[in-house]
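Each remark here refers to the structure printed beneath this line.
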Amino acid sequence: MNELTIRQPDDWHLHLRDGAMLDAVAGFSARQCGRAIIMPNLVPPVTTVAEANAYRDRVLAAVGPAHDFQPLMTLYLTDQTTAAEIEQAANDPHIHAVKLYPAGATTNSENGVTDPLAIDSVLGALERTGLPLLVHGEVVDPAVDIFDREAVFIERVLSPMLERYPELKVVMEHITTAQAVAFVRSQGDRLGATITAHHLMFNRNAMLAGGIRPHYYCLPILKREKHREALLEAAVDPSGKFFMGTDSAPHPKGAKESACGCAGAFTAPVAVELYAQVFDQLGALDRLEAFTSLNGPRFYGLPVNERRLKLERRSQTVPAPVSAGDDTVVPFLSGESIDWTATLLDE
Ligand code: NCD
Ligand code: ZN
C-alpha cells in the first residue's frame with residue numbers, strides 16, 4: 001500500500017505549553033489533528049475551570065484562523081482540588097478530562113497529588129459525573145527502579161482505585177510496558193490507554209547505547225524490546241481500547257541537551273507519519289485509522305472527524321529546529337528521513 005486516506009486523527013495526549021513555545025508549536029498539531037487533549041502541566045498548573053478556559057483561548061489564538069482545531073481542555077489535580085470543581089468541569093463544554101500526576105512523577109508535576117488513593121471526594125465526583133481521569137501511571141517511590149515504576153503503579157494504585165470506583169472512567173496515559181497492556185486488556189471498556197509513536201518505535205537502546213541521546217529521554221522512560229513488542233500488539237488490537245496520544249512535549253534545546261536534561265519528545269511535527277511508519281512495518285496499515293481516528297472518539301463519547309487525511313509513501317526529512325522566542329525547540333528525529341508524508345484534505 002503506497003497511499004491511504006483516513007479520517008482525520010486526534011491527539012489524545014498533547015503538551016502545547018504557553019507563551020512563545022505555544023505559538024511555536026501549536027500549528028504543527030493543528031495541521032494534522034482535528035482535536036487534542038491538552039495537558040494542563042503549565043507553570044503554574046491549570047487547576048480550575050476558569051484557568052482552563054483562559055488557556056483554551058490562548059491555544060486558539062496561537063493556532064489562528066487557518067486551522068479548524070479544537071483544544072479539549074483538562075484540569076490538573078492537586079491535593080486541594082474539590083469535588084465542586086470537578087462537578088463544574090463536568091458541566092463545562094470545553095473540559096473533557098482531569099489529569100492525575102503523582103507529585104514528582106514527571107515534568108511540572110510538583111503540585112500533583114501526593115497520594116492518589118486519598119483523593120476520595122474527587123474520585124467519587126469523577127465517577128458520578130463520568131468525566132474521565134487521565135493517569136500518569138508511575139509511582140514516585142525512590143526505592144522503585146525507574147524502569148519498574150509503571151508496573152508498580154498498576155499494582156499499588158491503579159488496580160485498587162478501579163476496584164474502589166467500579167464506574168470510574170480512566171485512561172492510562174502513554175503506556176510503555178507489557179504489564180500495562182495486559183492490565184488494560186483485563187479491564188472493561190471504562191479503561192483505555194494512549195500509546196506514543198516514540199514508544200512504538202524505540203526501545204531503551206536508542207537512548208543509551210553508543211552514547212546518551214537526550215532527545216529520546218521521556219517519561220515514562222523507554223523500556224526494553226519485549227515491552228515495545230507488547231505495545232505494537234496493543235496498537236493494532238481490535239478491542240478499541242488503545243488510541244493515539246503523542247505526548248508531544250516540547251522543551252527548549254538547552255533544557256534537553258543538558259547535564260540534567262528534561263523529559264519529553266517533541267513529536268508533533270510528524271506525529272501521524274511516525275505512527276504510519278510503525279503500522280506499515282507491521283503490515284497493519286489497515287488498522288491505523290482505528291488507532292488514530294476512531295477509538296479515541298468512541299472512548300470520549302465524541303463524534304469522529306469528518307475531514308480526511310491522506311498518507312503517501314513519500315519520504316520526507318523531519319523538520320529542522322524551530323525557534324520559540326529566545327529558545328529553539330528540536331523536533332524528535334529532526335533531520336532524519338521518514339517514509340511517509342501526511343496531507344490534510346479539504347472538507
Ligand atoms: C512531559 C512534559 O514534558 O510535560 N514529559 C514527558 O517526558 N512525557 C510530561 C509527561 O507527560 O510525563
Ligand atoms: Zn505527557
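Order of listing sets the numbers, starting from 1, for every ligand and every atom in it.
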Taking only heavy atoms of G264, which atoms of ligand 1 are found under 4.0 Å from at least one of them?
-> 5 (N), 6 (C), 7 (O)
Salt-bridge contact D237-R185 (side-chain N to carboxylate O under 4.0 Å) = yes
Mutual orientation of the aromatic rings belonging to F291 and F279 [parallel < 30°, tilted 30-60°, perpendicular > 60°] = tilted
Pull out every atom of ligand 1 sitting under 4.0 Å from any heavy atom of H13, numbered as shown with elements.
-> 11 (O)
Ligand 1 versus M39, non-hydrogen atoms closer than 4.0 Å: side chain, backbone, both, neither?
-> neither
Protein contact to atom 8 (N) of ligand 1 [nearest heavy atom, distance to 0.1 Å] = D247 OD2, 2.7 Å
Would you indicate which of I221, L14, L219 comes nearest to atom 6 (C) of ligand 1 when only heavy atoms are counted?
-> L219
Carboxylate-amine/guanidinium contact D18 R58, below 4.0 Å = yes
Could you check which of A263, A265, P220, P250 puts a non-hydrogen atom nearest to atom 5 (N) of ligand 1?
-> A263
Anything under 30° is parallel, anything over 60° is perpendicular, the rest tilted; go ahead and classify Y101 against H136.
-> tilted
Logged contact type for R17 with ligand 1, heavy-atom cut-off 4.0 Å, is side chain
With a 4.0 Å cut-off, would you call R298 and D189 a salt bridge?
-> no
Where's the contact between N108 and ligand 1, heavy-atom distance under 4.0 Å: side chain, backbone, both or neither?
-> neither
Cationic N near anionic O, under 4.0 Å, E225 to R228 | yes
Answer yes or no on whether R213 is positioned over the face of Y217, meaning its NZ or CZ is under 6.0 Å from the six-membered ring centre and within 45° of the axis.
-> no
For atom 10 (C) of ligand 1, closest protein heavy-atom neighbour = T106 OG1, 3.4 Å
Parallel, tilted or perpendicular: which fits the ring planes of W12 and F243, with parallel below 30° and perpendicular above 60°?
-> perpendicular
T114 meets the side chain to side chain contact (heavy atoms under 4.5 Å, CB included) criterion, sequence neighbours left out, with D79
Can an N or O of H251 be found at a distance shorter than 3.5 Å from an N or O of ligand 1?
-> yes
Atoms in ligand 1 flagged as close to C218, the criterion being non-hydrogen separation under 4.0 Å = 7 (O)
Run the salt-bridge test on E167 and R128 with the 4.0 Å N-O cut-off and return the result as yes or no.
-> no
Part of A249 within contact of ligand 1 (heavy atoms, under 4.0 Å) = side chain
Going by the order shown, which atoms of ligand 1 are within less than 4.0 Å of some heavy atom of H136?
-> 12 (O)
Which ligand 1 atoms are under 4.0 Å away from a heavy-atom of H15?
-> 1 (C), 2 (C), 4 (O), 9 (C), 10 (C), 11 (O)
Do K169's NZ or CZ and the ring of F299 fall within the cation-pi criteria of under 6.0 Å and 45°?
-> yes
Around the Zn ion (ligand 2), number of protein N/O/S atoms which are nearer than 2.8 Å = 3
Do H174 and H199 have ring centroids that are under 6.0 Å from one another?
-> no
Short N-O contact, R164 and D120, less than 4.0 angstrom | yes
E173 heavy atom under 4.0 Å from ligand 1 | no
